[in-house]
Structure formats: structure tokens, C-alpha cells
Amino acid sequence: MHAPPTPPTAPCTRLRTRALGFAALAVAMLMSVPTAQTAFGEEAEAVPGGGDLGPNVHVFDPSTPDIQGKVDEIFKKQESAQFGLDRHALMFKPGTYDNINAQIGFYTQIAGLGLNPNDTTFNGDVTVDAGWFDGNATQNFWRSAENLTLNPVSGTNRWAVSQAAPFRRMHVKGGLNLAPDGYGWASGGYIADSKIDGEVGPYSQQQWYTRDSSVGGWVNGVWNMTFSGVEGAPANSFPEPPYTTLDTTPISREKPFLYLDGADYKVFVPEKRENARGVSWADGTPAGESIPLDQFYVVKEGADAATINAAVEQGLHLLFTPGVYHIDETITINRADTVALGLGLATIIPDNGVTAIKVGDVDGVKLAGLLVDAGPVNSETLIEVGPENASADHSANPTSLQDVFVRIGGAGPGKATTSIVVNSDDTIIDHTWVWRADHGEGWGWETNRADYGVRVNGDDVLATGLFVEHFNKYDVEWYGERGRTIFFQNEKAYDAPNQEAIQNGDTKGYAAYRVDDSVDEHEGWGMGSYCYYNVDPTIIQEHGFKAPVKPGVKFHSLIVVSLGGNGQYEHVINDVGSPTSGTETVPSQVVNFP
């Protein structure tokens, strides 16, 4: 079986708040009257729940004519539209679909509408390749495949992606190839709650994280292949081969999803699992709660944050249809168990420097399937989970962020001081790509200035699949106790003009992942940081990771890589680990720390 040599990487590249009286709130939540009462006794029209899914949700059933033609038409528009404005969700009702090859481009979600992936079967493929980019898959971002069963025509389905391209709740009755045709560069990726009957071949994939799944085998690894709760995963063997394997995932809750119950749309919210292993749907009907669509405000393009906030206060959940949403005040979610689910990479842009989303210190909020795109006026933060000094115990019902992505620049000028701040205890961060752009429009060392990627202040926060890249200072800072990260992927900012620009006091550069000296307990598995200082290749990065040396602070399978010799690391973590050197892309590894 062809296994290419280790490749170098390429540049990856807002009605005001209403106080409802108790009776009015209860009635509004039951959706039986069209008005809601304000604090001044005034009546305002209630936000309706339910309704159609809008023009960018394309629903198919097996009798729909020319399914392939419609799918091809959308792909033609989206194949290379990396920073375009169109958003699409391709939704397939339960049934069997023959002779389908659904090629998936940018800002396109494909998903089955069954309660179980096996309810919707393709005798065919769901394909991502990299022909638009000369066989290089390192910019195949912002797309997803969910809740389908595939019988691949050739026996193997191709899903050649990089960051922000989840493969969730899928059943592949065959193999899965994660590399582009020709085995060009690739820099993904993420699989969760999926069953691949055959082998998974990452080939040229530099790193990958697979969670709570089942695989028939795993072919190879380049730098960092991490597994938690995966039946059939290779044994832990980092650094050679570079497999980091945990038997179970300590805490997980699968992403909410839209499905059909007969003729009625509902959103299924899976239950939290502890020490999970294998898929959540193996026994048929998964454990969780179904919420009818009429309990959701179906958000469509043109909606403002005032209406969105009124809907939440009224007791509705949020279903963002595919589109781009400009807001001039913060979307605020202070009600426990609120679901905010985006379809088709629904994108929120704060236009005037506000924070895009704030979640209260409440139980069980689910943010999922959303892209937050920084606006041209600097936002101090883009997403906040819990207020400063949040202290409530959410261990029984944590808030979760799943497939929640952040972008600063690339689609145009954008700025944010800190992208995501997590203050609430017990939060689950399950697959996020937080990206300061290194290509596209509106990027440059000061043009899309963004000092910090993710800052965690809450205790007992778990990150599974943490991708954070290119920030001017620290990519991740962790202040909470008992934090855990399973898989971390990072590249330092390519565009630093010189050593002085990244100097951190007496330290050469800012660590990609820093645990504060005050922290007594922290643990991480399968974590990598890469540098590609192509503006000034002489830049020295003192280390990729920084952490206090304490018995409760532990790291497993750490790696740093100098890509083509463009900049170098002196150490892996603190002053531990050998330096990178020269122009060869050879990783420096620390299996355990301390």
C-alpha cells in the first residue's frame, strides 16, 4: 500500500432585553398566544417557533428527481468558494439512495434525517478531494458530513479534509481514505461517533483525532494520530508509530442534530456519556431528548440579534439556517438547556466590536455548528461561556461547544483580542478550529491582529479536538484547575516579521499552549505545535508548550515541528525536549512530561 513520505505543510490556512412576567413567560413557552409582556406591561409580538427551513436547506427523498444534478450544481458553486457568502445544507430523508456521489465543497453540510445513521443509506459516496487546489487538501475547511450510511462504490470513501470539517455519526460500510487523490498534503481532521467497517487510511494526513467510534483498522500515521474511546484503534505507541490511544473518553456528549419523526422535524439532543467507547447509536435508538421544531426560532438571513435574544427569553431554542448573520448586539443565552444549532456552517459576524455570543453560568447550553467571523472593529472577545468569576457546578449537565469555529481575517479584515473565553466550570469543548487567517483577504501581522485564541478560566473543562492557530501571542492559555485536553493541533503565526515581534519578555516567543503557574492539576494527550516562520526563517521559538512543574500537571505525547526549517524550536515544553534544527521537517518529541 502506497504510503508517501512525510510532507511539509502549506499555509492552512444582534427587540432589546425583555423581562417577562411569570405567567406571560409560561404562556409564551407553550406557544399558545402571539404576544409577550414586557416589564412595563406593554405587549409585543411573540417570536414564532417552527416554520420552514428556508431556501438554503435542500431536502431530498429517494423519489426526488435528479438528485445528482442538484448536488453537482451546489458543488460547482462551492468547490473553491473558500471565502464566499453562500451556505448550504443537503438533507436526505430516511431511505435508500442509489448511484450518488455527493462531492462536498465549502460551507456545505450533508446529513441524513433519520434518528440513526442506518436510516439513510447511500449506495454511493460522500466525497471531498482537492482538485480545485492542485491536489493539496490543506485548505479543505468548513464542511461536514453527518448521520449517513455509505456503501462506497469502490469500497472506500474519500474524505480528504483539513480543519473544521467534521465527519460525525457516519457509518461507512467499507474503508475511508483521508488523503487527496495523488496523496498530496493534508492537515486534518476529526471523526466522532462513527463506524468505519474497513480500514481508515490517513496516508499524508499530518495529524488526526478520532473519538468514540469504531474502525476496522488504521493504516499509518505521520506526526500525531490520537484516539479516545475508539474500538479497533491501534495500540498506544507514540512516538513510533505516532499513535496516542485512550481506551475511553472521560466525558462526551454528541452534537445535537435535526431529524424527521414521521413528517415532523425535531432536534435530537444526545445524553452525556461518561467513559464512552464506541458509537452512541450501536443499539439503535440513542439515549437523549427530542425537541419539536415549534420549540425553535428558525433563524433566517436578515434576522437580527434583538429578535434572536427575544426568542431565547421567550423560551425558544435557536436553529440557524444556512446563511451569514450580521449582528450589532450580543446574542445572549442565559436559559439552561438552550440549544443553538447551526446548519450549513451558519456564520455570525459582529459588526461593531461586540461579543458575538455570551452564555450565562447555567446548565446544559449546547452551541453547535456555528462559525463566528470577526468583524473589522476589534471585539474584546467573540464567544464567552459564563461570566467572569463563574462558579456554579455543571458537572451533571455541562455546557458544550461542538463544531463551533472562529475565524479572524481571511474573508476580509477582522480583529479580536481573545476569541473564546471559557469561565464556566465543566464545559466541554468538542471540536473547534480557532483560526487567525494566514491567507485570503484582510490578513497581516497587524491587519487581523488577534493576540489570544482560547482562554480557559473554568475548572474541570475538557477539550476534545482543540485546533487553535496563528495567534499573535498565546494560542491557548489555561487558568482553571483539572483541565484536560485530548488532541491539540497548532501552528504558530507564520507572518511574524521578526524575532522582536514575538519576544515575550525574556522568553523567545509565546507558547502555543500555556498552563498558568497557579494551576496544580492539568493533563493533556496527543498535542502538537508547528512553526513556519516564512517571513523571517531565523526566528527562534523557545518552546511549544509551557506548564508548571508539579505532580498534578501531566502531558503525554508532545511534539513540535519546524516546517521546512522556517524558524526553529529550542525545546518542546519548558526547557525539556531536544531542539528542531536545519531545513528537514523532522519532529522533536516528548512522550511524557514530566
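Under a 3.5 Å cut-off, the side chain of Arg436 and the backbone N or O of His470 do form a donor-acceptor pair. Judged purely by atom type and a 3.5 angstrom limit, Ser187 has no side-chain atom pairing as donor or acceptor with the backbone of Ser162. Using a distance-only test at 3.5 Å, with no hydrogens or angles considered, no donor-acceptor pair links the side chain of Glu146 to the main chain of Phe257. Not a single donor-acceptor pair under 3.5 Å links the side chain of His317 to the backbone N or O of Phe296. Proximity of a side-chain donor or acceptor of Asp129 to a complementary backbone N or O of Asp181 within less than 3.5 Å is detected. The backbone N or O of Tyr569 sits less than 3.5 Å from a side-chain atom of Thr580, completing a donor-acceptor pair. With Thr108 contributing its side chain and Arg143 its backbone, the two residues share no donor-acceptor pair below 3.5 Å. At distances below 3.5 Å, not a single donor-acceptor pair connects side-chain atoms of Trp435 with backbone N or O atoms of Phe405. Of the possible polar contacts, one joining the Gln68 side chain to the Asn101 backbone as a donor-acceptor pair under 3.5 Å is found. Looking only at distances, no side-chain donor or acceptor of Asp125 sits under 3.5 Å from a matching main-chain atom of Thr127.
In the model, Thr156 has no side-chain atom that pairs as donor or acceptor with a side-chain atom of Asn177 under 3.5 Å. Side chain to side chain, Thr245 and Asn236 fail the donor-acceptor criterion of an N or O pair below 3.5 Å. Looking only at atom types and distance, the side chain of Ser557 has a donor-acceptor partner in the side chain of Thr244 under 3.5 Å away. In this structure, a donor-acceptor pair under 3.5 Å is present between the side chains of Gln82 and Gln139. There is a side-chain donor-acceptor pair under 3.5 Å between Tyr530 and Gln207. Between Asn56 and Arg87, the side chains place no donor N or O within less than 3.5 Å of an acceptor N or O (distance only, hydrogens not considered). For the 3.5 Å distance criterion, the side chains of Gln402 and His431 fail to qualify, holding no donor opposite an acceptor. In the model, Gln489 has a side-chain atom that pairs as donor or acceptor with a side-chain atom of Gln163 under 3.5 Å. Side-chain contact of Trp208 with Asn224: a donor-acceptor pair under 3.5 Å is absent, judged by distance alone. Side-chain atoms of Asp197 and His171 include a donor-acceptor pair closer than 3.5 Å. For the residue pair Asn123/Asp98, the side-chain donor-acceptor check at 3.5 Å is satisfied.
With a 6.0 Å radius and a threshold of 12 heavy atoms from other residues, nucleotides or ligands, Lys77 has its NZ atom above the threshold. Shown here is Asp66, whose CG atom has more than 12 heavy atoms of other residues, nucleotides or ligands within 6.0 Å.
A distance of 6.0 Å or more separates the ring centres of Phe106 and Phe83. Note: Phe487 and Phe467 meet the aromatic proximity criterion, with ring centroids under 6.0 Å apart. The six-membered or imidazole ring of Trp525 lies away from that of Phe227, with a centre-to-centre distance of 6.0 Å or more. The aromatic ring centres of Tyr190 and Trp433 sit 6.0 Å or more apart. In summary, the aromatic rings of His556 and Phe238 are positioned with their centroids too far apart to meet the 6.0 Å limit.
Annotation for Ser290 and Phe268: closest pair OG-CD1, 3.4 Å, computed over non-hydrogen atoms. Here the shortest heavy-atom pairing between Ile486 and Pro250 reads CD1-CD, 3.7 Å. Closest heavy-atom contact between Ser228 and Tyr209: OG-OH, 2.7 Å. Across Pro166 and Asp403, no two heavy atoms sit closer than the pair CG-OD2, 3.4 Å. For Asn147 against Asn116, the heavy-atom pair with the smallest separation is OD1-C, 3.8 Å. Counting all heavy atoms, side chain and backbone alike, Phe75 lies closest to Gly105 at CD1-N, 3.7 Å.
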Please determine whether side-chain contact (heavy atoms from CB on, under 4.5 Å) holds for the pair Leu178 and Val200, giving the CA-CA distance in whole Å, both sets of side-chain angles, and the decisive distance to 0.1 Å. CA-CA 7 Å; Leu178 303 178; Val200 179; 3.7 Å; yes
List the steps, then state whether ring-ring contact (aromatic ring centres under 6.0 Å, His included) holds for Phe60 with Tyr97. CA-CA 10 Å; Phe60 305 92; Tyr97 298 79; 7.9 Å; no
Just do the side-chain contact (heavy atoms from CB on, under 4.5 Å) check on Phe167 and Leu176 with the steps written out, would you? CA-CA 11 Å; Phe167 198 80; Leu176 185 63; 3.9 Å; yes
Pair Leu293, Leu53 - check side-chain contact (heavy atoms from CB on, under 4.5 Å), show working. CA-CA 10 Å; Leu293 191 64; Leu53 298 173; 4.2 Å; yes
Can Met170 and Leu150 be said to form a side-chain contact (heavy atoms from CB on, under 4.5 Å), step by step? CA-CA 8 Å; Met170 296 288 286; Leu150 309 178; 3.9 Å; yes
For salt bridge (Lys or Arg N to Asp or Glu O under 4.0 Å), just list the numbers for Glu271 and Arg273, CA-CA rounded to whole Å, side-chain angles, deciding distance to a tenth of an Å, and then say yes or no. CA-CA 6 Å; Glu271 284 188 356; Arg273 304 169 76 193; over 6 Å; no
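Using cut-offs of 30° and 60° for the angle between ring planes, the Tyr513 and Phe555 rings count as perpendicular. Between Phe122 and Phe92, the angle of the ring planes goes over 60°, which puts this pair in the perpendicular group of the 30/60° scheme. Below 30°, between 30° and 60°, or above 60°: for Tyr107 and Trp142 the angle between ring planes is below 30°, a parallel geometry.
For the pairing with Arg211, the side chain to side chain donor-acceptor pair (under 3.5 Å) check across Asp430, Thr249, Thr226 returns one residue only, Asp430. The only option from Leu113, Leu90, Thr64 that meets the side-chain contact (heavy atoms from CB on, under 4.5 Å) definition with Val59 turns out to be Leu113.
Atom NZ of Lys366 sits about 10.0 Å away from atom CD1 of Ile428, to the nearest 0.5 Å. With rounding to the nearest 0.5 angstrom, the CG atom of Leu367 is 10.0 Å from the CG atom of Leu341. One finds the OG atom of Ser213 at 9.5 Å from the CZ atom of Arg168 (value rounded to the nearest 0.5 Å). Taking CZ from Arg277 and CG from Asp212, the interatomic distance works out to 10.0 Å, rounded to the nearest 0.5 Å. The structure places CD1 of Ile251 at 10.0 Å from OG1 of Thr464, a figure rounded to the nearest 0.5 Å.
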